[in-house]
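Fair warning: this is a prediction, and the values are worked out from it, not measured in the lab. Here is the naming used below: chain letters follow the sequence lines, and residue numbers restart at 1 for every chain.
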There are 4 protein chains.
Amino acid sequence: MKKTSQLKTLIHSQHLEFLMEAHNGLSATIVEEAGFKGIWASGLSISASLGVRDNNEASWTQVLDVLEFMSDATSIPILLDGDTGYGNFNNARRLVKKLEQRNIAGACIEDKLFPKTNSFINSKSQPLADIDEFCGKIKAMKDTQHDEDFVVVTRVEAFIAGLGLKEALRRAEAYRQAGTDAVLIHSNKSDVTEIEAFMKEWNGRLPVVIVPTKYHTTPTNRFMELGVSVAIWANHNLRASIDAIQKISKQIFQDESLINVEGRVASLEEIFRLQRVDELQEAEKKYLPSK
Amino acid sequence: MKKTSQLKTLIHSQHLEFLMEAHNGLSATIVEEAGFKGIWASGLSISASLGVRDNNEASWTQVLDVLEFMSDATSIPILLDGDTGYGNFNNARRLVKKLEQRNIAGACIEDKLFPKTNSFINSKSQPLADIDEFCGKIKAMKDTQHDEDFVVVTRVEAFIAGLGLKEALRRAEAYRQAGTDAVLIHSNKSDVTEIEAFMKEWNGRLPVVIVPTKYHTTPTNRFMELGVSVAIWANHNLRASIDAIQKISKQIFQDESLINVEGRVASLEEIFRLQRVDELQEAEKKYLPSK
Amino acid sequence: MKKTSQLKTLIHSQHLEFLMEAHNGLSATIVEEAGFKGIWASGLSISASLGVRDNNEASWTQVLDVLEFMSDATSIPILLDGDTGYGNFNNARRLVKKLEQRNIAGACIEDKLFPKTNSFINSKSQPLADIDEFCGKIKAMKDTQHDEDFVVVTRVEAFIAGLGLKEALRRAEAYRQAGTDAVLIHSNKSDVTEIEAFMKEWNGRLPVVIVPTKYHTTPTNRFMELGVSVAIWANHNLRASIDAIQKISKQIFQDESLINVEGRVASLEEIFRLQRVDELQEAEKKYLPSK
Amino acid sequence: MKKTSQLKTLIHSQHLEFLMEAHNGLSATIVEEAGFKGIWASGLSISASLGVRDNNEASWTQVLDVLEFMSDATSIPILLDGDTGYGNFNNARRLVKKLEQRNIAGACIEDKLFPKTNSFINSKSQPLADIDEFCGKIKAMKDTQHDEDFVVVTRVEAFIAGLGLKEALRRAEAYRQAGTDAVLIHSNKSDVTEIEAFMKEWNGRLPVVIVPTKYHTTPTNRFMELGVSVAIWANHNLRASIDAIQKISKQIFQDESLINVEGRVASLEEIFRLQRVDELQEAEKKYLPSK
């Protein structure tokens with residue numbers, strides 16, 4: 001099945017489905033091997049791994065270059081965390097073209113202003129996009145896609161901005177009418193009350209995606225009861241790798257030796273396996289002259 | 001001190017010094033925070049993290065893009081694992097120009113053929129570069145650098161290719177005469193005998209760099225006794241991150257929940273700290289109009 | 001002299017100086033050979049030559065890639081037509097860092113909103129930037145530059161937006177106080193009246209740059225009398241090349257032959273000369289083994 | 001029709017067909033508007049326009065970036081002048097994947113060594129690729145393409161290297177058996193004798209492509225009589241633009257004025273038309289909120 005169709009199926013699945021964060025070709029490969037059906041290309045994780053901030057410091061084509069490596073390395077669909085679409089409707093529709101060329105299955109855009117700030121930083125002071133302008137952006141993206149299964153998810157930041165349920169619903173409904181395939185309701189509360197309130201009033205008008213980074217103690221069962229379509233584990237591979245790199249760098253720095261390290265890290269052979277060295281070795285037999 | 005001068009000082013230090021591998025801006029930042037004085041931009045790690053093989057599948061400018069993020073994020077010098085220089089002398093001197101622009105302190109080139117294969121894969125069947133051709137490449141690089149402290153390290157693959165001590169010495173001496181700043185003697189034996197043999201005969205003609213990936217059980221003391229200048233911990237941050245990402249992805253996939261995850265990974269705040277979010281917040285106070 | 005210092009000298013010259021447009025490494029080389037002291041890296045020309053619109057369709061790093069080739073190919077300074085700085089103050093200061101790395105001597109930013117529209121299209125309907133926000137951007141750029149001679153030119157779009165002299169002066173003065181090195185007064189009238197009015201009131205507070213694309217019939221003498229510092233010939237190399245390519249393509253298409261072409265175009269040898277093939281041939285003698 | 005199918009149809013046409021050189025999105029657009037059915041993405045022209053030499057100074061992904069702009073701007077097929085495939089069979093098959101993603105219809109590879117030198121410079125001293133190794137590269141490319149109509153053209157440099165007809169035929173036949181879709185017989189003689197000799201012996205085993213840059217006085221009729229499938233006008237748009245830019249830059253430099261220029265170059269409106277500004281204006285009406 002095409003990657004776009006895979007993602008569309010996930011979004012419309014009767015069961016709660018999951019996307020796992022990845023931020024480069026390697027982590028994307030591991031996510032697929034772990035069994036996940038789809039990848040969340042997190043803006044926070046990608047910017048952090050590059051070494052810049054989640055404020056559109058990397059250009060959108062630099063993000064695209066990361067995505068291309070991720071997509072080439074995997075066969076499951078990728079949903080891009082596409083910030084605001086990197087400008088106005090014209091930038092957003094250009095993004096769709098470029099994503100389709102690179103076989104990225106969908107893009108999630110959020111109703112904030114370019115350049116964006118991460119939703120977990122000073123959230124209340126971040127202005128939201130004008131609804132009409134943002135609906136035009138959604139329409140432009142949907143009109144641009146060549147593959148009918150390309151997925152546009154629209155992220156509603158009303159709760160994050162402290163504007164409450166009514167504004168969240170007003171925006172979600174406008175985005176639905178503009179043609180989005182799903183809405184992502186974002187909340188930075190440590191409990192699930194905002195999501196609950198939204199789901200009750202939303203009443204299944206379109207699939208709903210959530211990101212339980214802050215309300216991580218909520219049992220997944222609760223998301224199912226609420227009728228959530230997709231939950232995104234949004235940055236945990238990055239966070240695991242930060243922890244691991246900090247520990248191993250500290251250990252080696254202190255020991256001035258690898259003596260306490262070898263068994264604690266992946267083997268060289270495991271790198272080679274993940275890189276699919278065997279495929280190249282087979283190809284060399286086929287395409288290089290025998291000596 | 002300029003990054004180039006920092007690296008040159010490391011190379012010529014009376015003590016054994018260490019470079020720690022990094023493969024993106026984030027891991028580079030962590031290496032600096034751990035206390036290391038310099039960074040090894042590993043070709044294996046960079047290619048693996050991108051999701052491709054260590055056979056020049058990523059173009060040299062794609063590697064350069066990674067390096068630029070790494071250099072911008074850190075204040076310690078970076079030595080690039082520059083494969084064969086990505087072509088002939090002309091490509092290699094072009095590389096030097098581009099590295100200097102991006103404030104990369106030095107490049108290590110190896111006496112193999114483009115496109116390269118990782119030295120730990122089928123090592124004996126990999127042909128080495130013609131010595132004269134390779135010396136011309138070294139000369140071209142040294143003649144090209146604008147900053148007199150830019151460092152060219154030349155990696156001798158004679159042991160890896162199974163050609164023995166005599167060839168290793170012959171090549172190292174030729175590269176010395178061509179103007180390299182240091183030689184990297186590579187060995188894939190699990191003990192340090194090849195390095196020992198080389199160091200004895202080499203007798204301090206130029207600083208020597210080693211990569212103890214395969215002979216990791218050798219006490220670091222031994223490297224000091226032998227008079228090694230720099231030891232490179234060449235891929236352990238990548239390997240730590242692979243292990244960590246595999247474990248966390250597996251856990252979350254099985255649990256379908258973050259319940260067992262939060263305390264085991266770096267916090268969101270730690271990502272923000274590594275991204276230097278505070279600097280931007282200060283700058284916003286300074287440069288954005290007060291509302 | 002450093003490129004930045006060259007540009008700064010031009011801006012502060014007692015005589016009227018000129019910048020000539022270029023849009024890639026080749027045209028930049030030709031501009032230098034023609035005798036010009038500086039290059040205008042036109043946003044319109046660069047976007048058009050890439051095949052996209054002058055509305056930030058190319059990402060800022062794609063523009064940067066073009067600039068890098070232009071700078072590497074030349075020894076005269078380049079002033080980038082940097083649109084709005086590609087976002088807010090943070091994007092603009094990031095731009096300055098990247099430009100300095102690539103040896104670009106200065107950037108001109110304009111007081112419009114991202115994504116921009118070319119000033120000669122529907123000019124009256126384009127909103128201008130908030131003055132305070134824009135002054136913060138100028139300050140951030142000036143605070144970021146490492147090289148004290150890096151030049152920030154600020155383009156005032158008040159006339160273009162139909163807001164008149166008073167607004168033009170108010171903005172120019174605010175930008176002066178924010179620290180810009182020069183102001184570019186843009187006018188799309190076919191005569192020089194707006195420029196005259198501005199120059200009279202401005203009274204030499206800072207150097208003034210103009211772009212006489214629309215008032216091209218005004219004798220250059222008049223610019224001197226008015227005390228203009230720099231005139232930019234902003235897009236004529238691109239326009240010459242469009243005309244030439246259209247004519248030659250049409251001719252060859254109709255003739256189905258090169259018979260009427262050879263004498264009318266540059267020779268192959270001229271391409272090779274512009275590419276400095278001779279330098280490589282000399283280098284090959286020096287760095288390649290003799291066979 | 002898909003671009004690949006368009007190119008395949010051209011190659012197999014009963015009539016002599018033509019490809020016209022372009023080197024960026026703008027020249028590609030003009031080539032299409034002139035009526036041509038296909039575009040030759042010349043390595044010489046692309047490198048020269050970037051400002052570097054035709055010796056793989058630009059990385060293969062930098063060339064790819066140029067191609068992407070060219071392809072996005074046009075609806076006729078592009079045949080890439082792909083040098084040696086930028087490395088070995090593995091680099092070449094990676095190239096095919098990337099070209100297909102960007103909707104490039106085919107690649108022409110030549111039997112020389114990486115990094116390449118332009119065929120019109122010191123041609124006799126350039127060694128050719130090993131035939132078996134090169135046939136493996138062709139096979140790898142053909143096995144990699146997903147679209148069955150993607151075209152691989154193989155350029156035979158035997159005449160250029162001074163090795164004569166027999167070697168040209170031996171190589172062409174080997175490449176045919178390896179699966180190439182067409183052979184490009186290159187000659188740097190000022191008459192068509194080498195091509196004639198080849199065509200006679202080749203006897204239509206596969207379509208033949210020629211590049212009459214050096215034998216430009218030969219009437220096109222002669223190519224038809226010989227049974228040539230495609231003639232490439234390989235660098236004339238670049239050469240026309242060099243001539244035009246040199247003249248206009250010189251004129252403006254001397255005049256210090258635009259007075260003699262305006263009527264001799266394309267108008268601003270013509271730039272806007274080529275950039276399809278009207279499409280964006282229509283889209284703005286559709287997707288931007290009315291004010």
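Of the atoms belonging to Asn55(B), it is side-chain heavy atoms, and not backbone ones, that fall under 4.5 Å from chain A. Neither the backbone nor the side chain of Gln254(A) comes within less than 4.5 Å of any heavy atom in chain B. In this structure, the portion of Phe18(B) lying under 4.5 Å from any heavy atom of chain A is its side chain and not its backbone. Both the backbone and the side chain of Ile245(B) come within less than 4.5 Å of a heavy atom in chain A. When heavy atoms are compared at a cutoff of 4.5 Å, Glu279(B) approaches chain A by way of both its backbone and its side chain. Only the side chain of Asn118(B) comes within less than 4.5 Å of a heavy atom of chain A; its backbone N, CA, C and O stay farther away. The part of Thr217(B) that comes within reach of chain A is its backbone (N, CA, C, O), which places non-hydrogen atoms under 4.5 angstrom from that chain. Contact annotation for Gln62(A): only side-chain heavy atoms (C-beta onward) come within less than 4.5 Å of a heavy atom of chain B. Both the backbone and the side chain of Ser47(B) come within less than 4.5 Å of a heavy atom of chain A. The parts of Ile242(A) that come within reach of chain B are both its backbone and its side chain, each placing non-hydrogen atoms under 4.5 angstrom from that chain. For chain A, no part of Glu21(B) is nearby; none of its heavy atoms comes within less than 4.5 Å. Heavy atoms closer than 4.5 Å to chain B are found in both the backbone and the side chain of Leu50(A). Using a 4.5 Å cut-off between heavy atoms, Leu280(B) contacts chain A through both its backbone and its side chain.
Within the 4.5 Å cutoff, the side chain of Arg239(A) has heavy atoms near those of the Leu268(B) side chain. For the pair Met20(A) and Ile252(B), the minimum side-chain heavy-atom distance is below 4.5 Å. Ile121(A) is listed as a side-chain neighbour of Gln281(B), based on a closest heavy-atom distance under 4.5 Å.
In the displayed structure, Lys247(A) atom NZ is contacted under 6.0 Å by at most 12 heavy atoms of other residues, nucleotides or ligands. Counting non-hydrogen atoms of other residues, nucleotides and ligands closer than 6.0 Å to NZ of Lys98(B) gives a total above 12.
A salt bridge does not link Glu262(A) to Lys214(B): none of the charged side-chain nitrogens sits closer than 4.0 Å to a carboxylate oxygen. With respect to the salt-bridge test (charged N to carboxylate O, under 4.0 angstrom), the residues Glu33(A) and Lys250(B) do not qualify.
Here Ser267(A) is the residue among Ser267(A), Pro219(A), Ala231(A) with the most heavy-atom pairs under 4.5 Å with chain B. The greatest number of non-hydrogen atom pairs below 4.5 Å with chain A, out of Gln246(B), Glu269(B), Glu256(B), is found for Glu256(B). Your options are Leu16(B), Val277(B), Val261(B), Thr74(B), and the one with the most heavy-atom pairs under 4.5 Å with chain A is Val277(B). The candidate from Ala28(A), Ser27(A), Ala22(A), Ser49(A) with the greatest count of non-hydrogen atom pairs under 4.5 Å with chain B is Ser49(A).
Atom CD1 of Ile248(A) sits about 12.0 Å away from atom CD1 of Ile30(B), to the nearest 0.5 Å. Here CZ of Phe272(A) is found 5.5 Å from CG of Leu44(B). Values are rounded to the nearest 0.5 Å. The CD atom of Gln251(A) sits 12.0 Å away from the NE2 atom of His236(B) when rounded to the nearest 0.5 Å. Taken to the nearest 0.5 Å, the CG atom of Leu238(B) stands 10.5 Å off from the CD atom of Glu270(A). From Arg53(A), atom CZ reaches atom CD1 of Ile271(B) across 15.0 Å, with rounding to the nearest 0.5 Å. Asn24(B) CG to Ser241(A) OG: the interatomic distance, rounded to the nearest 0.5 Å, is 8.0 Å.
In terms of modelled atom types and a separation under 3.5 Å, the side chain of Ser257(A) and the main chain of Thr220(B) share no donor-acceptor contact. A donor-acceptor contact shorter than 3.5 Å is absent between the side chain of Arg264(B) and the backbone of Ala240(A).
Heavy atoms only, all atoms of each residue included: Ala48(B) and Leu26(A) are closest at O-CB, 3.3 Å. Across all non-hydrogen atoms, the minimal contact from Ser249(B) to Phe36(A) is O-CE1, 3.4 Å. The shortest non-hydrogen separation linking Gln275(A) to Asp54(B) is NE2-N, 3.7 Å. Annotation for Ala266(B) and Asp243(A): closest pair N-CB, 3.9 Å, computed over non-hydrogen atoms.
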